[in-house]
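All remarks here apply to the structure that follows.
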Amino acid sequence: MTSDPVRLGVAGLGRAFMLMVPTFDADARVKLTAAAAPRAESRAAFEEQYGGVAYPTVEDLCADPSVEAIYIATPHQMHVDHVLAAARAGKHILVEKPLAISMEDAETMVAAANEAGVHLIVGPSHSFDPPVELAAQLIASGKFGQLRMIQALNYTDFLYRPRRPEELRTEEGGGVLFSQAIHQIDVVRRLAGGMGEKIYAMTGAWDPKRPTEGAFTALMNFEGGCVANLTYSGYAHFDSDIWMNDVGELGQRKLAGAYGDARRALMALDPDDEARLKTTRTFGSGKTVDAKHNEHFGPVIALCDRADLKLTPDGVEVFGDTERGFIEATFGPAPRRTVNDALVAAVRQNKAPVQTGAWGLASLEVCHAILQSASTGQPVDLRQQCKTNEEEQTG
């Protein structure tokens, strides 16, 4: 086994990549070797900062023999083509959530990676967050008895941040289900062991100018008896980061006086202006996030027989029978180091993380089940769930 850094190619230099830049820059285990992006400005910025070659197409990137693995950070609807191209080229794959939009595409992607003998990792998602992993380990240890219930809440202004037109069309992966619910689903599945059984849900599409689902609430039960409540609103005026010690989702300290900035920035903009505003957040134009804490996805409380566990950006608060305590979840050197941990372990040690292609497929199934349940008014059985690695080894 070599200790050389993983030579990583990046497909897509937009907002998703920008959120990973601090982690890549802080971690000597990963070397950004090449990239692909349609915008010449982004390609030039990548070559200037990292060297290597920036290609106009993902296919060209996949053909680069110097690249060992590819991070696919392109829009949701492009994931299937780009994952298939990477698998055909024999590259290990880290693909942004969601794995795909349709279940059929996701199944094809998982099969292609398996056939090619490459690792397919789905993330970053908030199930990688150190406090989530810490809480999952505490629950799995049995120290606090059986997990009985999970409550996960998040209230944001997600729908009023700059969006391309397709990001407001559900059929193209727009709205909160595929971009936001997938995080919450991943977190809850991680804590509960992965094996969801049934879900009952309602969604909200309340703004005709942003014609997609902007909110949902769901009840989901798991093998073993745990039940979870998942609620998310991207229309919110209340900011649930207030309940997370005023730490933002990306680990940044919330700025005083920033309330309403997202909606304020969209006022008087037409769709073309909004799309242009979105490009200001891409590599070569936008700024990275200065995180001082672990990332999070809103308040999450796991209720066990002998303690309730409250996840925070810095660790897990433990509310026991007679005592209250706190267990720290280490931060740094960058907020998403755990994603790099998974990538390096997969490429260098042939060790799969929890968030495999099969895991991403199972979480995507829940997104579709929420939409189906909301449409029919009936609960939906889940049929493609999978256990965590730990559960598979002990169950």
Side-chain angles (χ1 to χ4, degrees), residues 1-12 16-17 19-21 23-35 58 61-62 64-74 79-80 82-100 106-130 132-133 136-137 182 186 189-190 194 295 333-364 386-393:
M1 182 179 68
T2 179
S3 60
D4 292 346
V6 172
R7 300 185 304 277
L8 185 67
V10 180
F17 172 62
L19 297 180
M20 280 296 296
V21 163
T23 297
F24 290 142
D25 288 351
D27 196 333
R29 297 174 301 165
V30 176
K31 177 178 175 57
L32 298 182
T33 303
V58 175
L61 172 65
C62 292
D64 188 328
S66 71
V67 172
E68 295 180 276
I70 294 180
Y71 167 41
I72 296 173
T74 52
H79 286 182
V80 59
H82 296 159
V83 165
L84 295 182
R88 284 194 297 267
K91 312 295 187 183
H92 297 291
I93 304 160
L94 171 66
V95 59
E96 277 282 341
K97 56 76 195 167
L99 176 58
E107 290 166 357
T108 298
M109 295 155 72
V110 172
N114 288 340
E115 183 176 346
V118 298
H119 286 283
L120 175 59
I121 305 168
V122 184
S125 79
H126 283 291
S127 63
F128 282 95
D129 294 349
V132 174
E133 181 62 26
Q137 291 174 1
I182 194 77
D186 249 24
R189 290 187 60 238
R190 180 72 186 96
E295 295 187 354
R336 296 184 174 186
R337 61 179 168 79
T338 48
V339 178
N340 279 358
D341 291 344
L343 177 64
V344 173
V347 177
R348 291 286 176 255
Q349 303 171 32
N350 194 31
K351 179 181 178 182
V354 169
Q355 298 86 353
T356 61
W359 180 272
L361 176 66
S363 290
L364 181 65
C386 64
K387 296 182 179 181
T388 63
N389 295 343
E390 295 91 336
E391 290 290 321
E392 290 174 352
Q393 292 166 5

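Nothing here was measured: the structure is a model prediction, and the numbers come from that model.
A salt bridge links Arg336 to Glu295: one of the charged nitrogens lies within less than 4.0 Å of a carboxylate oxygen. Salt bridge status for Arg88 with Glu115: absent, with no side-chain N to carboxylate O gap under 4.0 Å.
Val6 places none of its side-chain heavy atoms less than 4.5 Å from the side chain of Arg29. Residues Thr108 and Leu84 have side chains in contact (heavy-atom distance under 4.5 Å, counting atoms from C-beta outward). Annotation: side chain of Val110 is in contact with side chain of Leu99 (closest heavy-atom distance under 4.5 Å).
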Let me see the working for Met109 and His82 under side chain to side chain contact (heavy atoms under 4.5 Å, CB included), right down to the final yes or no. CA-CA 10 Å; Met109 295 155 72; His82 296 159; over 6 Å; no

Applying side chain to side chain contact (heavy atoms under 4.5 Å, CB included) to Leu361 and Glu107, what does each step give before you reach the verdict? CA-CA 7 Å; Leu361 176 66; Glu107 290 166 357; 3.9 Å; yes

Kindly indicate, with the supporting measurements, whether the criterion side chain to side chain donor-acceptor pair (under 3.5 Å) is fulfilled by Ser127 and Gln355. CA-CA 8 Å; Ser127 63; Gln355 298 86 353; 3.0 Å; yes

Between Val339 and Leu94, does a side chain to side chain contact (heavy atoms under 4.5 Å, CB included) hold up when you go through it step by step? CA-CA 9 Å; Val339 178; Leu94 171 66; 3.8 Å; yes

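Proximity of a side-chain donor or acceptor of Thr338 to a complementary backbone N or O of Phe128 within less than 3.5 Å is detected. At distances below 3.5 Å, at least one donor-acceptor pair connects side-chain atoms of Arg348 with backbone N or O atoms of Pro5. Side-chain atoms of Thr356 come within 3.5 Å of backbone N or O of Trp359 as a donor-acceptor pair. His119 contributes no side-chain N or O that, together with a main-chain N or O of His92, makes up a donor-acceptor pair within less than 3.5 Å. The backbone N or O of Lys31 lies less than 3.5 Å from a partner atom in the side chain of Thr33, making a donor-acceptor pair.
Within the model, atoms NZ of Lys91 and CG of Leu61 stand 8.0 Å from one another, a figure rounded to the nearest 0.5 Å. Between atom CG of residue Asp27 and atom CG of residue Asn340 there is a gap of 4.5 Å, rounded to the nearest 0.5 Å. Within the model, atoms SG of Cys62 and CD1 of Ile70 stand 3.5 Å from one another, a figure rounded to the nearest 0.5 Å. A distance of 10.5 Å separates CG in Asp129 from CG in Asp186, rounded to the nearest 0.5 Å. How far NZ of Lys97 is from OG of Ser363: 12.0 Å, rounded to the nearest 0.5 Å. Atom-to-atom distance recorded for Glu133:CD and Asp341:CG is 10.0 Å, nearest 0.5 angstrom.
Here the closest heavy-atom approach between residue Val67 and residue Leu8 is recorded as CG1-C, 4.4 Å. Of all the heavy atoms in Pro98 and His79, the pair that sits closest is O-ND1, 2.8 Å. Here the closest heavy-atom approach between residue Thr388 and residue Gly194 is recorded as CG2-N, 4.5 Å. Nearest heavy-atom pair, Met20 versus Pro124, reported as atom, atom and distance to 0.1 Å: SD-CG, 3.5 Å. Here the shortest heavy-atom pairing between Val122 and Gly357 reads CG2-CA, 4.0 Å. Ala11 and Val58 get closest at one heavy-atom pair: CB-CG2, 3.9 Å.
The aromatic rings of Tyr71 and Phe24 stand perpendicular to each other, their planes meeting at an angle above 60°, with 30° marking the opposite boundary.
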